[in-house]
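Step one of this worksheet: look at the structure below.
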Amino acid sequence: MSTRNFREFADKRLLKRSNKILDDLFSKSVHSIRRLSDDEASAKGHYRFLQNDRVSEGDLVRNMSYNCIEACRGKYVVCIQDTTEINLYSHKGRIKKDRFIGTTTSKKDMGLGFYIHPSLVLDASDGTPYGFAHVKLWSRSQKFENKHERNYRELPIEEKESYKWIEVSEQTISALNPQVPGMLIIQDREGDIYEQFARIPQEGVDLLVRARADRLLADATKLFTSIDKEQAPAIYSVFIDARNGRKKRTAKVEVRYKQVEIKSPKRVSENIPESLKIYFIEAKEVDYEGSDAICWHLLTTLSIDDMEMAMSCIEWYSWRWRIEEIFKILKKERL
């Protein structure tokens, strides 16, 4: 797709202004409205657009999603999710507190801002980025209560903040499923939610999630040790850059995989099966004793029939760091 544009707003003037802003963002590569604008009249027009009651977050997300859909049509894609905080506390003196701006910490002191949770879409064959299928934005109330105060463990999944993983997965499927032959949704440890493994996978839709919990299996063993006796049919080397006090090295990593049947936790939504069969992949560094040794435990609803498929899953999961890079850019370039 050679061009990206917005296509749906309340009237033609808003649509024209939105595409002017979009064109300027791409052509000028700046984020400040003042630097983006050609003159004072243009700046006022940009501000009025963003403050217009007929322009909502949903409008912007929906139009952004249209471009992603058009770009990836007919492609098998991976959809990477993660959450980041936009903390605006340094601007507290000039920000109007409303339902869009809340706290970003349970301590309520330094957490003024909101959260975003996007679904970044990449081509599964080469990692080409196509855009965002969906972006969830939300803020916590200034009277935000911690998990203990909310009796968090007893809440249904739909009332927990962690429901964002399931919600954005469902929105991603809704946006892309008619247009792509298949998709793999990739998430970090926070996405290791039993209900999600039960609700999200369907024909053409799979999950690849880093395991957070050492889950109980149907045979009464535990997930992380269940693979110890499996032969390690592949060993590969990966170069580790020096970063944050970590020394550079070439790591030797063993890969194992097997199908497992995980048991549901005690507290689970209704109409969720008591157990689920999925595949478990372990990528574990050997001959190294440092605390930063590589150990990835991955759960996937894809069928892992050979080592080639297991290695593909490991590579796809490694692409998750691309969304972290986007977050770094976003935070560097914000107000």
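Please read these numbers as outputs of a predicted model, since none were measured by experiment. Just so you know, these numbers use all the heavy atoms, side chains as well, and skip hydrogens, waters and symmetry mates.
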### Query
Can D188 and Y317 be counted as having a side-chain donor-acceptor contact under 3.5 angstrom?
yes
### Task
Taking S174 for its side chain and E170 for its backbone only, find out whether a donor-acceptor pair lies under 3.5 Å.
no
### Query
Ion pair present between R322 and E325, side-chain N to carboxylate O less than 4.0 angstrom?
no
### Query
Is the backbone N or O of I33 less than 3.5 Å from a side-chain atom of S37, with the two atoms forming a donor-acceptor pair by type?
yes
### Query
Is it the case that more than 12 heavy atoms not belonging to D219 sit under 6.0 Å from its CG atom?
yes
### Task
Kindly check if the number of other-residue, nucleotide or ligand heavy atoms within 6.0 Å of CD (Q202) is above 12?
yes
#### Entry: Within 6.0 Å of CZ in R35, more than 12 heavy atoms from elsewhere
no
### Query
Do we see a donor-acceptor contact under 3.5 Å between the side chains of S65 and Q171?
no
Contacts table for residues 307-315: side-chain donor-acceptor under 3.5 angstrom, sequence neighbours left out:
unit_1 : atom_1 : unit_2 : atom_2 : d
S312   : OG     : E308   : O      : 3.1

### Task
Could you tell me whether K75 atom NZ has more than 12 heavy atoms of other residues or ligands within 6.0 Å of it?
no
### Message
Less than 4.0 angstrom from a charged side-chain N to a carboxylate O is my criterion; do D228 and K284 meet it?
### Response
no
### Query
Do any N or O atoms from the side chain of Y66 and from the backbone of R4 form a donor-acceptor pair under 3.5 angstrom?
no
### Query
Between D59 and R62, is the closest basic N to carboxylate O distance under 4.0 Å?
yes
### Message
By the definition ring pair (Phe, Tyr, Trp, His ring centres under 6.0 Å), identify the one residue from F114, Y163, Y115 that meets it with W138.
### Response
Y115
### Task
Please step through salt bridge (Lys or Arg N to Asp or Glu O under 4.0 Å) for the pair K28 and D38, ending with a clear verdict.
CA-CA 11 Å; K28 298 180 180 180; D38 299 324; 2.6 Å; yes
### Query
Does the side chain of L22 come within less than 4.5 Å of N63's, by heavy atoms?
no
#### Entry: Side chains of T83 and E190, donor plus acceptor under 3.5 Å
no
### Message
Run F49 and L14 through side-chain contact (heavy atoms from CB on, under 4.5 Å) and show every step you take.
### Response
CA-CA 7 Å; F49 172 83; L14 290 175; 3.9 Å; yes
### Message
Counting only heavy atoms from other residues, nucleotides and ligands, does the tally under 6.0 Å from NZ of K258 exceed 12?
### Response
yes
### Short side-chain to backbone donor-acceptor contact, H297 and E282, under 3.5 Å
no
### Message
Do I326 and W316 sit in one hydrophobic cluster, given that two such residues count as connected whenever their side-chain heavy atoms are within less than 4.5 Å of each other, even indirectly?
### Response
yes
### Message
Please list all pairs meeting salt bridge (charged side-chain N to carboxylate O under 4.0 Å, His left out) that have one or both residues in residues 206-215, counting only residues at least two apart or in different chains.
### Response
D192-R215
### Flag, side chain of T300 to backbone of L207, donor-acceptor distance under 3.5 Å
yes
### Message
The criterion is salt bridge (Lys or Arg N to Asp or Glu O under 4.0 Å); which residues satisfy it with E195, sequence neighbours excluded?
### Response
none
### Exam field: side chain T250 to backbone V238, donor-acceptor pair closer than 3.5 Å
no
### Task
Could you please spell out the steps behind the side-chain contact (heavy atoms from CB on, under 4.5 Å) verdict for I86 and L330?
CA-CA 9 Å; I86 304 300; L330 174 64; 3.8 Å; yes
### Query
Should the pair D287-R249 be classified as a salt bridge under the 4.0 Å nitrogen-to-oxygen rule?
no
### Message
Strictly below 4.0 Å, N to O, side chains only: are E324 and K328 in salt-bridge contact?
### Response
no
### Message
If you count every heavy atom of other residues, nucleotides or ligands that lies below 6.0 Å from D126 atom CG, does the total exceed 12?
### Response
yes
